[in-house]
Amino acid sequence: QVQLVESGGGLVQPGGSLRLSCAASGSIFSIDWMGWYRQAPGKARELVAGITSGGSTNYADSVKGRFTIARDNAKSTVYLQMNRLNSEDTAVYYCNVRDIVKGYWGQGTQVTVSS
């Protein structure tokens with residue numbers, strides 16, 4: 001019953017920017033933590049950024065200072081603003097949303113950074 005729809009991925013040049021969105025719908029009640037993971041070719045899925053219901057954020061060291069996570073509780077949506085992208089950011093990005101019971105995954109969106 002729960003659906004997370006991701007958008008905003010694509011192909012950008014090094015130094016460029018993208019903004020990812022993830023909108024939750026369905027039976028999620030009282031969303032708590034929201035965040036973004038990514039998985040690059042040949043690597044494990046890793047946490048990129050997270051934000052609590054109170055607005056506290058955390059970031060992977062590799063993206064700190066370049067990426068910003070935000071949420072719109074009225075729209076049940078989490079965003080990831082990605083600036084100064086480089087080739088190491090190329091990956092499939094997955095959103096994750098948690099309520100008090102369990103977490104839910106988005107379908108993934110491809111981000112490719114290449115000239």
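In what follows, residues are counted from 1 in the order of the sequence shown. Being a predicted model, the structure only gives us computed values, none of them experimental.
Of the possible polar contacts, none joining the T57 side chain to the I51 backbone as a donor-acceptor pair under 3.5 Å is found. Side chain of N96 to main chain of W36: no donor-acceptor pair is present (N/O by atom type, distance under 3.5 Å, no hydrogens or angles). The main-chain N or O of K75 is found under 3.5 Å from a side-chain atom of T77 such that the two form a donor-acceptor pair. Judged by distance alone, the side chain of Q39 and the main-chain N or O of A44 form no donor-acceptor pair under 3.5 Å.
For Q81, the side chain to side chain donor-acceptor pair (under 3.5 Å) test picks out N83, with sequence neighbours left out. Residues satisfying the salt bridge (charged side-chain N to carboxylate O under 4.0 Å, His left out) test with R66, not counting sequence neighbours, are D89. Under the side chain to side chain donor-acceptor pair (under 3.5 Å) criterion, R98 pairs with no residue, sequence neighbours left out.
S114 is listed as a side-chain neighbour of L11, based on a closest heavy-atom distance under 4.5 Å. The side-chain heavy atoms of L80 and T68, taken from C-beta on, include no pair separated by under 4.5 Å. The side-chain heavy atoms of T109 and L20, taken from C-beta on, include a pair separated by under 4.5 Å. Side-chain contact check for D99 versus D32: every heavy-atom pair is 4.5 Å or farther apart. Between V113 and V111, some side-chain heavy-atom pair lies under the 4.5 Å cut-off. Residues C22 and L4 form a side-chain contact, since some pair of their non-hydrogen atoms from C-beta on lies under 4.5 Å apart.
The minimum heavy-atom distance between W33 and A49, with the atom names listed, is CZ2-O, 4.3 Å. Taking each heavy atom of I69 and G35 in turn, the nearest pair found is CD1-CA, 3.9 Å. Nearest approach of Y94 to Q107, heavy atoms of both residues: CE2-O, 3.8 Å. Residues S115 and P14 share a closest heavy-atom pair of N-CD, 3.7 Å. Summarising the geometry of V92 relative to Q110, their closest heavy-atom pair is CG2-OE1, 3.3 Å, with the distance given to 0.1 Å. Counting all heavy atoms, side chain and backbone alike, A24 lies closest to I31 at CB-CD1, 4.3 Å.
R19 forms a cation-pi arrangement with Y79, by the criterion of a distance under 6.0 Å to the ring centre and an angle within 45° of the ring axis. Annotation: cation-pi pair R45/W105 present, NZ/CZ under 6.0 Å from the ring centroid and within 45° of its normal.
In this structure, a donor-acceptor pair under 3.5 Å is present between the side chains of N73 and R71.
If you take CG on D72 and CE on M34, they are separated by 9.0 Å, rounding to the nearest 0.5 Å. Atom CD of E6 sits about 10.0 Å away from atom OG of S21, to the nearest 0.5 Å. Put simply, OG on S62 and CZ on R38 are 4.5 Å apart, with the number rounded to the nearest 0.5 Å.
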Would T90 and E88 count as a side-chain contact (heavy atoms from CB on, under 4.5 Å) here? Give the steps.
CA-CA 5 Å; T90 295; E88 301 301 314; over 6 Å; no
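Taking the six-membered ring where tryptophan is involved, the planes of F67 and Y93 are tilted, since the angle between them lies from 30° to 60°.
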